[in-house]
**Q** 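Quick one: this structure, given as structure tokens, is what I'll be asking you about.
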Amino acid sequence: MRITVFGAGYVGLVTAACLADVGHRVLCADVDVERVRTLDRGEVPIYEPGLKTMLARNREEGRLAFTTDAGQAVRFGTLLFIAVGTPAGENGAADLKHVLAVAAAIGEHIDGYRLVVNKSTVPVGTADRVRAVIAEQGRADDFDVCSNPEFLKEGAAIEDFTRGARIVVGTESERARELMRECYGPYNWNRDKFIFMDTRSAELTKYAANTMLATKISFMNEMANLAEHLGADIEQVRLGIGSDPRIGYHFIYPGCGYGGACFPKDIQALESMARDAGYPARILQAVEQVNRAQKDTLFAKLQKALEGDLAGKTIAVWGLAYKPNTDDMREAPSRSLMEAVWAQGGRIQAYDPEAAKECHRLYGRRPDLTLADDRYQALEGADALVICTEWKEFRVVDAAEIKTRLHRPLVIDGRNLYDPPALQRAGIAYFAVGRGDSVQVPLAPA
């Protein structure tokens, strides 16, 4: 099939690469001239495991190309995927200007039947708006619009696309169903993953899925905070409840809050939809409130351990990205921590395997920020270590090395990576999330 993907961002690039990889001819279009030039040079503007190799292979074999020409993009594909950003507006609602701009371009250049596939995360009713914008241009009388929400986790996006649990398609058109079956056929080989439904239900499915996962995270963080007050260990509680098959172990790890491009934005957008519909979405409000507060817990623990005095202190930070296997720092807990430390006159020495470049882009080369080349270098002379991201290389550490490198033997673990007694035996004051035993360890004076 000939397929056009509008948007060379995270979702667009993964979609284009994976569809080209099974033999489709794909043209990926973007309005950002420099981004397209970067991709044409074989460089990838985002970090996602396996993506650079897949893009390069399919470019070399002639199945994937990039363009800034909207007319060429519309004329090229029978399927036109819209995979552009939908950032949150001031009131939390999703901003559809990029989606509707693509729809207008399609309406301007369409020259025959097209299936317009909305891959972007959009509010319920967006397919109707896209359809109307295309029709307004006066050139289109034979086209369909369907919803095909993405369920990609940063750091595992290719695996999710190629081996995902389901392929959700919202459409009332039999022709669209058949074209989508043909498009995803290579990824639907072992069993039928398709779930067809009406368009509005498909649009809501994406928001409902992300909100359910975020709710589990916020609930577990609420239990972790309660465990600290009651002297319980949330890690033991997690094992106890996760063994129940009705609950399971996925997304019940306590920590310092969720971030990224999806959960915060999608919950705000769904809240906005609920307000517009006149429905008070109380659970959504609570999920967001708990998460905002959870991002402040690391700084609160740090401030308490250092008796409120951070002026002139150096804080080591392990992990800048909001999760492992990505360089994405949007809504990352590390940002809340670092900005709070800077506000108190402290310094940051940070290490992240992938997000250093992104950190420099966000904060510039400020004198109170040092980005280390490795995890132990970040510890040199620091008054505390704070762990914000659970990269694999942080899971096994030399406690003696940590104590030797730190000026003060203090670890604030936002991801509960270590066994509290082990670090305590090494002479390190260790504070985790929701582990009642760890908060009772006295901090040795500097």
Side-chain angles (χ1 to χ4, degrees), residues 88 92 153-155 207 209-229 234-235 237-238 249-271 281 283-305 315-344 348 350 352 355 358-359 362-363 384-391 394 411-418 431-435 438-439:
K153 298 188 298 293
E154 290 193 41
Y207 284 105
N210 277 359
T211 302
M212 174 61 79
L213 297 175
T215 300
K216 293 182 72 173
I217 295 170
S218 282
F219 173 81
M220 206 61 190
N221 284 334
E222 190 90 287
M223 291 300 101
N225 296 335
L226 180 59
E228 288 193 1
H229 284 81
I234 194 62
E235 287 300 312
V237 175
R238 180 181 64 80
Y249 291 105
H250 294 297
F251 285 84
I252 63 167
Y253 289 87
C256 48
Y258 58 75
C262 293
F263 286 4
K265 177 175 71 71
D266 291 355
I267 291 171
Q268 291 172 22
L270 193 52
E271 274 192 83
I283 290 178
L284 300 185
Q285 295 165 15
V287 168
E288 189 176 10
Q289 289 166 6
V290 168
N291 191 62
R292 281 201 303 266
Q294 197 68 16
K295 290 183 182 179
D296 296 330
T297 58
L298 295 183
F299 181 72
K301 290 175 183 291
L302 180 65
Q303 197 172 41
K304 182 177 179 181
I315 308 302
V317 175
W318 280 2
L320 296 169
Y322 85 94
K323 62 179 286 187
N325 298 321
T326 181
D327 60 355
D328 194 343
M329 289 181 63
R330 285 174 288 185
E331 302 281 347
S334 65
R335 298 185 64 177
S336 299
L337 171 74
M338 292 192 298
E339 289 165 13
V341 169
W342 288 327
Q344 294 291 316
I348 296 292
D352 187 286
E358 177 66 4
C359 188
L362 291 169
Y363 295 113
L385 164 64
V386 183
I387 301 169
C388 294
T389 314
E390 64 276 29
W391 286 94
F394 300 156
V411 173
I412 311 288
D413 184 357
R415 297 300 177 182
N416 288 3
L417 297 182
Y418 311 127
F431 299 80
V433 179
R435 311 200 72 177
S438 62
V439 301

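For clarity, every value in this text was computed on a predicted model and none was experimentally measured.
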**Q** Got a sec, which pairs hit salt bridge (Lys or Arg N to Asp or Glu O under 4.0 Å) with one end in residues 256-271, sequence neighbours left out?
**A**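 For residues 256-271, and leaving out neighbouring residues, there are no salt bridge (Lys or Arg N to Asp or Glu O under 4.0 Å) pairs at all.
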
**Q** Between N416 and A432 (side chain of the first, backbone of the second, donor and acceptor by atom type, cut-off under 3.5 Å), is there such a pair?
**A**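 Looks like no, no N/O pair under 3.5 Å.
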
**Q** For a 4.5 angstrom cut-off between non-hydrogen side-chain atoms, does V287 reach I267?
**A**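 Yes - at least one pair of side-chain heavy atoms lies under 4.5 Å apart.
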
**Q** Quick one, R238 and P254 - any side-chain contact, counting heavy atoms below 4.5 Å?
**A**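 Yes - at least one pair of side-chain heavy atoms lies under 4.5 Å apart.
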
**Q** Which pairs with one or both residues in residues 217-226 pass side chain to side chain donor-acceptor pair (under 3.5 Å), sequence neighbours excluded?
**A**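 Those involving residues 217-226 are N225-Q294.
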
**Q** Measuring from Y258:OH to F251:CZ, what's the distance to the nearest 0.5 Å?
**A**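 Result: 12.0 Å between the selected atoms.
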
**Q** Taking atom CD of Q285 and atom CD of Q289, what is their separation to the nearest 0.5 Å?
**A**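 It is 6.5 Å, given to the nearest 0.5 Å.
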
**Q** Test your reading of the model: is there a side-chain donor-acceptor pair from R415 to the backbone of C388, 3.5 Å cut-off?
**A**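 Yes, the answer is positive, given that a donor and an acceptor are paired below the 3.5 Å cut-off.
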
**Q** Please check if atom OH in Y363 has more than 12 non-hydrogen atoms from other residues, nucleotides or ligands closer than 6.0 Å.
**A**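 Atom OH in Y363 is crowded, with more than 12 foreign heavy atoms closer than 6.0 Å.
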
**Q** Is the closest basic N to carboxylate O distance between R330 and E358 below 4.0 Å?
**A**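 No salt bridge links R330 with E358.
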
**Q** Under a 3.5 Å distance rule, please check whether T389 uses its side chain to pair with a backbone N or O of W391 as donor and acceptor.
**A**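 Here the side-chain-to-backbone pair does not exist.
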
**Q** Counting C-beta onward and ignoring hydrogens, is there a side-chain heavy-atom pair between I217 and F263 closer than 4.5 Å?
**A**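 Answer yes - side chains close enough.
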
**Q** Do D413 and V433 make a side-chain contact, defined as non-hydrogen atoms from C-beta onward lying under 4.5 Å apart?
**A**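 Not touching, per the 4.5 Å side-chain cut-off.
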
**Q** Determine, step by step, whether E331 and R292 satisfy the salt bridge (Lys or Arg N to Asp or Glu O under 4.0 Å) criterion, reporting the C-alpha distance in whole Å, the side-chain angles of both residues, the deciding distance to 0.1 Å, and the verdict.
**A** CA-CA 10 Å; E331 302 281 347; R292 281 201 303 266; over 6 Å; no

**Q** Could you give the distance from CD (E339) to CZ (R335), rounded to the nearest 0.5 Å?
**A**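 Answer for the CD-CZ pair, E339 versus R335, is 5.5 Å.
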
**Q** I'd like to know whether CG of L362 has more than 12 heavy-atom contacts from other residues, nucleotides or ligands below 6.0 angstrom.
**A**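 Correct, the count exceeds 12.
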
**Q** State, yes or no, whether a side-chain contact exists between I315 and V386 at a heavy-atom distance under 4.5 Å.
**A**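 SC-SC contact between I315 and V386 confirmed.
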
**Q** Give a yes or no on whether the backbone of T326 and the side-chain of E154 come within a donor-acceptor separation of less than 3.5 Å.
**A**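 No, because the side chain of E154 does not come within donor-acceptor range (under 3.5 Å) of the backbone of T326.
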
**Q** Say whether, by atom type as modelled, one donor and one acceptor occur between the side chain of N291 and the main chain of G257 under 3.5 angstrom.
**A**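 The answer is no, because no donor-acceptor pair under 3.5 Å joins these two groups.
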
**Q** Do any N or O atoms from the side chain of K295 and from the backbone of C256 form a donor-acceptor pair under 3.5 angstrom?
**A**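 It does not hold such a pair.
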
**Q** To the nearest 0.5 angstrom, please state how far the CD1 atom of I387 sits from the CG atom of L298.
**A**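 Reported value, rounded in 0.5 Å steps: 10.0 Å.
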
**Q** Is any side-chain heavy atom of I412 closer than 4.5 Å to a side-chain heavy atom of L337?
**A**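 The answer is no; the side chains never approach within 4.5 Å.
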
**Q** Measure the spacing between CZ of R435 and CD1 of I234 and express it to the nearest 0.5 Å.
**A**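 Here the interatomic distance stands at 10.0 Å.
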
**Q** For the residue pair W318 and F394, categorise the inter-ring angle as parallel (less than 30°), tilted (30 to 60°) or perpendicular (more than 60°).
**A**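 Parallel, since the angle between the ring planes stays under 30°.
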
